[in-house]
Amino acid sequence: MTRILLLGGTTEASRLARALAESGSDAIFSYAGRTGAPVAQPLPMRIGGFGGVAGLIDYLRRERITHLIDATHPFAAQMSRNTIAACAETGVPLIALERQAWVAGQGDDWRVVPDVEAAVAALPGTPARVFLATGKQGLEPFAAKPQHHYLLRLVDPPEAPLPLPQTSVVIARGPFEAGADADLMRAHGITHIVAKNAGGAGAEAKMHAARALGLPVVLIDRPALPPRRVVGSVEEVLGWLAHTGTERGV
Ligand code: 3Y8
Ligand code: NAP
């Protein structure tokens, strides 16, 4: 009796949710509850953390989950680490659906950095106009360089005052479109872009726009994760589901 927990929050997770719904699978879609009103899914949804590894183990057992699919964003490293630990403990089969990292192409001017702190260091000393397209959760480190004007794109209006003195805020939820992103950058006189190497199509509009405008991108590498089974397509996940039994040591 297959019962799937799908950890979502990405374009690919939503595509997989549609495939599972169409096939009539018994699956639950899980959001962290980071945004005010996440996009509805064609599966029963749960919203909010599990309560660490222990909470996830309890959930897997209580809900009699037979397969866990981690389709979270490559920067959702804590969630992914928790799934590895919980599935090792319960024996629930785990697969990650992860898109390829972006690779520099003709005309790209990237400065690749390992983390947010290095991204701040990579920005110039002289005042610039920076499209800080990394979301709301990692703004504080940029307060070390208040001399720049920051264009922020957030999913929800900020509740608390922003830690940066010079900002323009755009409230928008992706996926985004390259032409519109180029217009946005021109309208704000952007000189630098800061982005996460999210991969996937839903976030890459700004990368194409930066290339078209010849603007430098400070690109933050993904956090490293412990080994796990990883595939890059919905079809491979469906194939795995079809061939992975429901026997488990729970
Ligand atoms: C809550 C669900 C779908 C999923 C769509 C993808 C594409 C559009 C592009 C930019 C970069 C950023 C951010 C981004 C993109 C997709 C995908 C993706 C980047 C939603 C969503 C949730 C979140 C959480 C949110 C983070 C933030 C990151 C904004 C829904 C819309 C910057 C990542 O306000 C906050 O606290 C926002 C937090 C985590 C990163 C951060 O650190 O701030 N995503 N994004 C999920 C949950 O609760 O579990 O609200 O509908 C989903 C999507 N955002 O179904 O089509 O697949 O990546 N999301 C980044 O990549 O750099 C925006 O502006 O160009
Ligand atoms: P994170 O830092 O890896 O996770 C922090 C905690 O949030 C986790 O330990 C877990 O809480 C909870 N959590 C995360 N994803 C969850 C999910 N899908 N369902 C239930 N609980 C979840 O995660 P994050 O980077 O904040 O990302 C949160 C969500 O936003 C994820 O769904 C991710 O796919 C989506 N997202 C993130 C980014 C990004 O840039 N980080 C970009 C696009 C979308 P407990 O420990 O209590 O279980």
Side-chain angles (χ1 to χ4, degrees), residues 5-18 28-43 45-60 68-86 96-102 116 119 131-142 150-160 162 169-178 180-182 184-185 190 193-210 217-223 225:
L5 174 62
L6 171 53
L7 303 181
T10 59
T11 308
E12 291 74 17
S14 299
R15 204 177 306 142
L16 176 57
R18 279 194 293 279
I28 301 155
F29 190 100
S30 179
Y31 278 121
R34 279 274 177 286
T35 56
V39 158
Q41 295 293 337
L43 293 172
M45 288 187 286
R46 66 167 297 289
I47 299 184
F50 295 95
V53 174
L56 180 55
I57 289 171
D58 288 348
Y59 183 88
L60 293 175
L68 202 167
I69 303 169
D70 177 1
T72 59
H73 189 276
F75 280 73
Q78 186 57 56
M79 185 73 253
S80 294
R81 277 194 286 272
N82 289 3
T83 61
I84 294 166
L97 173 55
E98 190 174 85
R99 57 265 182 126
Q100 297 290 321
W102 296 316
V116 179
F131 179 16
L132 187 47
T134 52
K136 181 173 77 179
Q137 294 183 93
L139 295 179
E140 290 67 29
F142 291 91
Y150 292 99
L151 168 63
L152 307 178
R153 178 152 64 183
L154 306 175
V155 179
D156 296 316
E159 292 105 16
L162 294 166
V169 179
V170 168
I171 303 300
R173 178 197 310 263
F176 301 103
E177 195 275 316
D181 272 8
L184 180 71
M185 294 177 189
I190 296 301
I193 290 99
V194 179
K196 293 172 178 172
N197 195 330
E204 72 180 339
K206 58 187 175 290
M207 308 302 284
H208 294 318
V217 178
V218 176
L219 192 63
I220 305 170
D221 254 345
R222 309 171 162 194
L225 284 173

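Remember, predicted model here, so these are calculated numbers, not experimental data. Numbers here simply count residues along the sequence, with the first being 1. Read the numbers this way: they start at 1 and go in the same order the structure lists the ligands and their atoms.
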List the closest protein heavy-atom neighbour of atom 8 (C) of ligand 2: residue, atom name, distance to the nearest 0.1 Å. Met79 SD, 4.2 Å
among protein heavy atoms, the one nearest atom 25 (O) of ligand 2 is Ala76 CA, 3.5 Å
At a non-hydrogen distance cut-off of under 4.0 Å, which region of Glu204 contacts ligand 1 (side chain, backbone, both, or neither)? neither
Could you tell me which atoms of ligand 1, counted from 1 in the order shown, lie closer than 4.0 angstrom to a heavy atom of Val39? 30 (C), 51 (O)
Under 4.0 Å from a heavy atom of Gly202: which atoms of ligand 1 are those, numbered in the order shown and with their elements? 7 (C), 9 (C)
Could you tell me, atom by atom, which parts of ligand 2 come under 4.0 Å of a heavy atom of Gln137? 26 (O)
With rounding to the nearest 0.5 angstrom, report the CZ to NE2 distance, Phe176 to His208. 14.0 Å
Check each atom of ligand 2 against the heavy atoms of Ser30 and keep those under 4.0 Å away; list them by number with element. 17 (C), 18 (N), 19 (N), 20 (C)
Strictly inside 4.0 angstrom of atom 25 (C) of ligand 1, do you find any protein heavy atom? no
Where the closest heavy atom to atom 33 (C) of ligand 2 is concerned, which of Ala32, Gly8, Gly174 has it? Gly8
Under 3.5 Å, side chain of Asp156 to main-chain N/O of Gly36, donor-acceptor pair present? yes
If you have a sec, work out which protein heavy atom is nearest atom 21 (N) of ligand 2 and how many Å separate them, to one decimal? Gly48 O, 3.4 Å
Any N/O of Leu7 closer than 3.5 Å to an N/O of ligand 2? no
Only residue of Thr10, Leu43, Ile69, Thr11 satisfying side-chain contact (heavy atoms from CB on, under 4.5 Å) with Leu16 is Ile69
If you scan protein heavy atoms around atom 58 (O) of ligand 1, the nearest is Arg99 NH2, 2.8 Å
Would Arg222 and Glu98 count as a salt bridge (charged side-chain N to carboxylate O under 4.0 Å, His left out) here? Give the steps. CA-CA 12 Å; Arg222 309 171 162 194; Glu98 190 174 85; 3.7 Å; yes
Under-4.0 Å heavy-atom contact with ligand 1, by part of Phe75 that carries it: neither
Would you mind listing which atoms of ligand 2 come within a distance below 4.0 Å of any non-hydrogen atom of Gly52? 45 (P), 46 (O), 47 (O), 48 (O)
Taking atom 34 (O) of ligand 1 as the reference point, the nearest protein heavy atom with its distance: Lys136 CE, 3.5 Å
For Asp221, does its backbone N or O pair with a side-chain atom of Asn197 as donor and acceptor, under 3.5 Å? no
Would you check if there is a donor-acceptor pair between the side chains of Asp70 and Ser80 at a distance under 3.5 Å? yes
Which ligand 1 atoms does Thr35 reach within 4.0 Å, using its non-hydrogen atoms? 1 (C), 22 (C), 23 (C), 30 (C), 50 (O)
Below a 4.0 angstrom heavy-atom separation, can you tell me which part of Leu56, side chain or backbone, both or neither, approaches ligand 2? neither
Got the closest protein heavy atom to atom 44 (C) of ligand 2, with its distance? Gly9 O, 3.0 Å
Which residue owns the protein heavy atom closest to atom 62 (O) of ligand 1, what's the atom, and how far is it? Lys196 CD, 3.5 Å
Should Lys196 be counted as touching ligand 2, given the test is an N or O pair under 3.5 Å? yes
Please work out which of Asp156, Leu152, Thr11, Val155 has its closest non-hydrogen atom nearest to atom 57 (O) of ligand 1. Thr11
Protein non-hydrogen atom below 4.0 angstrom of atom 13 (C) of ligand 1 present: no
Under 3.5 Å donor-acceptor, Glu204 side chain and Met207 backbone: no
Contacting atoms of ligand 2, where contact means under 4.0 angstrom from a heavy atom of Ala77: 3 (O)
Here the atoms of ligand 2 under 4.0 Å from any heavy atom belonging to Asn82 are 9 (O), 46 (O)
Top protein contact for atom 47 (C) of ligand 1, by heavy-atom distance: Ala32 N, 3.3 Å
Just to confirm, does any protein heavy atom lie below 4.0 Å from atom 6 (C) of ligand 1? yes
Do Arg46 and Phe50 meet the cation-pi criteria used here (NZ or CZ under 6.0 Å from the six-membered ring centre, within 45° of the axis)? yes
Just which atoms of ligand 1 are under 4.0 Å from any heavy atom in His73? 33 (C), 58 (O), 60 (C), 61 (O)
With a 4.0 Å cut-off, strictly under, does atom 42 (O) of ligand 1 pick up any protein heavy atom? yes
Considering heavy atoms of the protein only, find what lies nearest to atom 64 (O) of ligand 1 and give residue, atom and distance to 0.1 Å. Arg153 NE, 2.8 Å
Between Tyr31 and Val39, is there a donor-acceptor pair closer than 3.5 Å when you use the side chain of the first and the backbone of the second? yes
Tell me, which protein residue and heavy-atom name are nearest atom 7 (O) of ligand 2, and how many Å apart are they? Arg34 NH2, 3.7 Å
Looking at atom 11 (O) of ligand 2, what's its closest protein heavy atom, distance included? Gly49 CA, 3.6 Å
For ligand 1, is any non-hydrogen atom under 4.0 Å from Arg173's backbone (N, CA, C, O), its side chain (CB onward), both, or neither? side chain
Atom 28 (C) of ligand 1 protein-contacted (non-hydrogen atom, under 4.0 angstrom): no
Starting from atom 20 (C) of ligand 1, locate the nearest protein heavy atom and write down its residue, its atom name and how far away it is, to 0.1 Å. Gly9 O, 4.6 Å
for atom 46 (C) of ligand 1, nearest protein heavy atom and its distance come out as Tyr31 CD2, 3.8 Å
4.0 Å heavy-atom contact, Leu154 with ligand 1: no
Backbone or side chain, does any N or O of Gln137 fall under 3.5 Å from an N or O of ligand 1? yes
Mark the output for Thr134 as yes if a heavy-atom distance to ligand 1 is under 4.0 Å, and as no if none is. yes
If hydrogens are left out, which of Arg46, His73, Arg81 has an atom nearest to atom 39 (C) of ligand 2, that is, the closest non-hydrogen atom? His73
Any Gly200 heavy atom less than 4.0 Å to ligand 1: no
Counting from 1 in the order shown, the ligand 1 atoms closer than 4.0 Å to a non-hydrogen atom of Gly174 are 8 (C)
Nitrogen or oxygen of Gln78 less than 3.5 angstrom from that of ligand 2: yes
Any chance the side chains of Gln137 and Arg34 put a donor and an acceptor closer than 3.5 Å? yes
What I want to know is whether Lys206 and ligand 1 share at least one N or O pair that is separated by under 3.5 angstrom. yes
Under a 4.0 angstrom heavy-atom cut-off, which atoms of ligand 1 come close to Ala203? 9 (C)
Quick note on ligand 2: atoms under 4.0 Å from a heavy atom of Gly51 include exactly 45 (P), 47 (O), 48 (O)
Ligand 1 atoms nearer than 4.0 angstrom to some heavy atom of Ala198 are 61 (O)
Which protein non-hydrogen atom lies closest to atom 55 (O) of ligand 1, naming both residue and atom, and how far is it? Ser14 OG, 2.5 Å
Nearest-neighbour protein heavy atom for atom 48 (O) of ligand 2, which is reported as residue plus atom name and distance: Phe50 N, 2.7 Å
Identify the protein heavy atom lying closest to atom 41 (N) of ligand 2, giving its residue, its atom name and the separation to 0.1 Å. Phe75 CB, 3.7 Å
Compare every heavy atom of Arg153 with every heavy atom of Ala172, then report the nearest pair and how far apart it is. CB-CD, 4.0 Å
